[in-house]
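The figures that follow rest on heavy atoms only: side chains count, while hydrogens, waters and symmetry mates do not. A note on names: the letters A, B, ... follow the listed sequences, proteins ahead of strands, and every chain is numbered from 1.
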Amino acid sequence: MDLNFKLQQFEGPLDLLLHLIDKNKMDIFDIPIVEITAQYMEYIRAMKEANLDVMSEFLVMAATLLKIKSKMLLPIEETEDEEEEDPRAELVKQLLEYKMYKCISYELRDRQVDANNVYFKVPTIPDEVSKYEQPVDLDELMSDITLSKLNAIFNSVIKRQENRVDPVRSKFGKIEKEEVSLEDKMNYMLEFARHNRNFSFRQLLEGQRSKMDTIVTFLVILEMMKAGQIFIVQENTFDDIKIESKMVA
Amino acid sequence: MDKNEMESVIEGILFTMGDSVEPGRIAKALEVDKSEVIECLDSMKTRYEEENRGIRLMKLDDSYQMCTSPDIYEYLIKIAKQPKKYVLTEVLLETLSIIAYKQPVTKSEIEKIRGVSCGHAVNKLVEYNLVTELGRLDAPGRPMLFGTTEDFLRSFGVSSIEELPELNPVQIEEFKQEAEEEAKVALNI
Amino acid sequence: MDKNEMESVIEGILFTMGDSVEPGRIAKALEVDKSEVIECLDSMKTRYEEENRGIRLMKLDDSYQMCTSPDIYEYLIKIAKQPKKYVLTEVLLETLSIIAYKQPVTKSEIEKIRGVSCGHAVNKLVEYNLVTELGRLDAPGRPMLFGTTEDFLRSFGVSSIEELPELNPVQIEEFKQEAEEEAKVALNI
């Protein structure tokens with residue numbers, strides 16, 4: 001196989017695939033997927049230095065081929081559906097359509113060559129003709145526009161604008177400064193741990209106001225554990241977490 | 001090259017060139033004698049006149065140029081003066097309605113509402129004298145403010161923009177809710 | 001206005017305008033029926049061809065334009081400045097074919113057929129004025145729709161997109177074989 005063939009010569013993954021099918025004199029309606037996938041991958045490997053933009057599209061096709069290949073290797077499950085669709089069907093359809101346009105593009109190119117043998121003339125319209133501007137007749141222009149129509153148009157414009165605004169995201173409201181600061185909570189906890197040797201997570205949560213307080217407290221516990229400032233034990237899932245301070249002076 | 005073919009080629013050359021062309025240049029391209037070309041040009045010139053053709057040959061010094069018969073001029077003017085029908089397209093109408101209700105308003109505010117650029121539309125409305133520049137906004141970039149004109153009021157037979165139909169707040173609220181409903185449906189997919 | 005006079009005026013108008021002209025505009029200037037103008041244009045078109053004239057009429061969609069006969073091309077290139085020609089790469093041709101047959105079409109539809117992105121190709125075709133934006137599709141994201149231009153018809157020598165070669169599978173098989181023959185020749189170089 002001629003690996004010197006540059007990938008860039010192909011106009012895309014479908015083009016490469018068609019080339020391989022033609023070259024191997026394969027039947028487009030009965031593509032030997034295992035073989036073609038192997039050859040396709042070989043091209044891809046040879047093209048490692050190809051630019052990434054181009055590569056990504058070729059890789060999508062590679063993934064598709066591999067998916068088809070794996071589907072075809074798997075034993076066909078007996079289902080109620082009388083006939084399992086050939087996993088290649090979609091690809092064949094795409095290949096045929098692409099091939100059709102590719103062929104048509106050659107025909108168009110020939111037509112362009114023929115059509116190019118014709119010359120035109122630049123316009124030579126006298127200035128006073130080309131520069132003539134007709135005055136605007138406002139009465140005529142506004143003849144079928146009423147105030148209520150204008151109003152309706154404005155309403156529909158506004159409606160469209162509302163539609164454009166993402167109502168979910170716009171509901172998130174303003175981003176406000178967090179009421180619970182991790183730093184404050186950390187300082188509080190360090191102080192607490194200096195004065196208490198044994199306490200529990202639930203104990204800490206007593207008198208906490210919000211969910212955010214709880215979350216931040218838990219984060220601080222994790223942080224202190226990581227720093228070796230406390231030692232924790234939880235005997236069973238959902239049991240209270242027992243905390244032993246290593247910071248008691 | 002027979003006379004017929006030569007005339008055909010010369011006709012094409014004069015047509016394409018537009019300007020005046022010296023017979024010597026044509027002779028070189030055709031690889032024939034200059035006198036033959038001149039003879040051909042003169043006979044074409046006479047024939048165009050006799051046949052009362054719309055295109056004519058004009059001799060300028062020793063060059064030839066293709067031009068129209070002088071009778072064409074009045075029709076050209078008629079083509080130019082053909083009453084073009086100016087119409088307010090959807091884009092123009094939308095832009096006009098925003099200016100009418102939001103004035104004084106800048107282009108960028110209009111764009112924000114319509115979601116697409118409006119420069120062309122605003123310019124057209126100014127050209128039609130339905131909209132006018134009102135001065136610049138005292139803001140960064142000093143953007144131009146636009147508003148409706150007296151002509152605009154006149155064409156609706158109202159004396160001030162206060163007379164425009166009011167925007168119905170209930171309706172606007174409904175629009176908002178609809179939009180939210182649609183968004184919810186979209187999220188459920 | 002008799003037929004002879006009408007032909008003369010139309011010839012002059014088409015010559016002056018240079019570009020394609022709609023029969024309707026001519027009809028208004030001449031104050032005659034549009035069908036009369038079209039009849040006149042078609043008979044002129046036939047006569048120019050029969051008389052083997054250097055100038056010809058070309059029909060583009062519903063407009064008419066004056067041009068030179070392709071038969072005199074070899075002489076014209078010796079004297080007239082060649083119009084700028086652009087070479088369409090294979091990518092551009094493929095993209096153009098899809099647009100020509102599928103118009104109005106979005107970029108994502110083209111990409112689906114070609115299997116690769118087409119933004120660059122479409123932009124180039126728009127730059128060459130072979131393709132134009134037709135407006136937006138009323139679908140999520142409001143994607144732009146593209147179609148071919150009159151310049152497209154002109155550069156490919158067809159009067160309307162209906163005249164493009166049909167997408168007939170048998171014929172396509174022939175194209176394919178021709179293309180293969182060409183490819184073999186190309187590879188042998």
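Interatomic distance, Gln112(A) CD to Leu93(C) CG, rounded to the nearest 0.5 Å: 6.5 Å. Separating the OG atom in Ser155(C) from the CG atom in Leu108(A) is a distance of 10.5 Å, to the nearest 0.5 Å. Summarising the geometry, atom CD1 belonging to Ile104(A) is positioned 7.0 Å from atom OG belonging to Ser97(C); distances are rounded to the nearest 0.5 Å. Expressed to the nearest 0.5 Å, how far CD of Glu57(A) lies from CZ of Arg114(C) amounts to 8.5 Å.
The environment of CD in Glu163(C) is crowded: more than 12 heavy-atom neighbours from other residues, nucleotides or ligands sit within 6.0 Å. More than 12 non-hydrogen atoms from other residues, nucleotides or ligands lie less than 6.0 angstrom from CD of Glu49(C). Heavy-atom neighbours of Lys78(C) NZ from other residues, nucleotides or ligands within 6.0 Å: above the threshold of 12.
Side-chain atoms of Thr68(C) come within 3.5 Å of backbone N or O of Tyr119(A) as a donor-acceptor pair. Looking only at distances, no side-chain donor or acceptor of Glu94(C) sits under 3.5 Å from a matching main-chain atom of Tyr98(A).
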Side-chain donor-acceptor distances from residues 122-137 of chain C under 3.5 Å, at least two apart:
residue, atom, partner, partner atom, Å
Asn123(C), ND2, Gly119(C), O, 3.3
Lys124(C), NZ, Glu127(C), OE1, 3.4
Asn129(C), ND2, Asp151(C), OD2, 3.0
Arg136(C), NH1, Arg142(C), O, 2.9

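Under the ring-ring contact (aromatic ring centres under 6.0 Å, His included) criterion, the residue pairs touching residues 129-153 of chain C are Phe152(C)-Phe156(C), with sequence neighbours excluded. For residues 26-38 of chain A, the pairs satisfying salt bridge (charged side-chain N to carboxylate O under 4.0 Å, His left out) are Asp30(A)-Arg88(A), with sequence neighbours left out.
Scanning residues 11-25 of chain C against chain A with a 4.5 Å non-hydrogen threshold yields Phe15(C), Thr16(C), Met17(C), Gly18(C), Asp19(C), sorted by number.
Annotation: side chain of Glu90(C) is not in contact with side chain of Arg109(A) (no heavy-atom distance under 4.5 Å).
Salt-bridge formation is detected for the pair Glu97(A)/Lys102(C): a Lys NZ or Arg NE/NH1/NH2 atom is positioned less than 4.0 Å from an Asp or Glu carboxylate oxygen.
Here the shortest heavy-atom pairing between Tyr101(A) and Ile98(C) reads CG-CG1, 3.5 Å.
At a 4.5 Å heavy-atom cutoff, Glu74(C) makes no contact with chain A through either its backbone or its side chain. For a residue to count as touching a neighbouring chain, one of its non-hydrogen atoms must lie under 4.5 Å from one of that chain's; by this rule Thr95(C) does not touch chain A. The parts of Arg154(C) that come within reach of chain A are both its backbone and its side chain, each placing non-hydrogen atoms under 4.5 angstrom from that chain.
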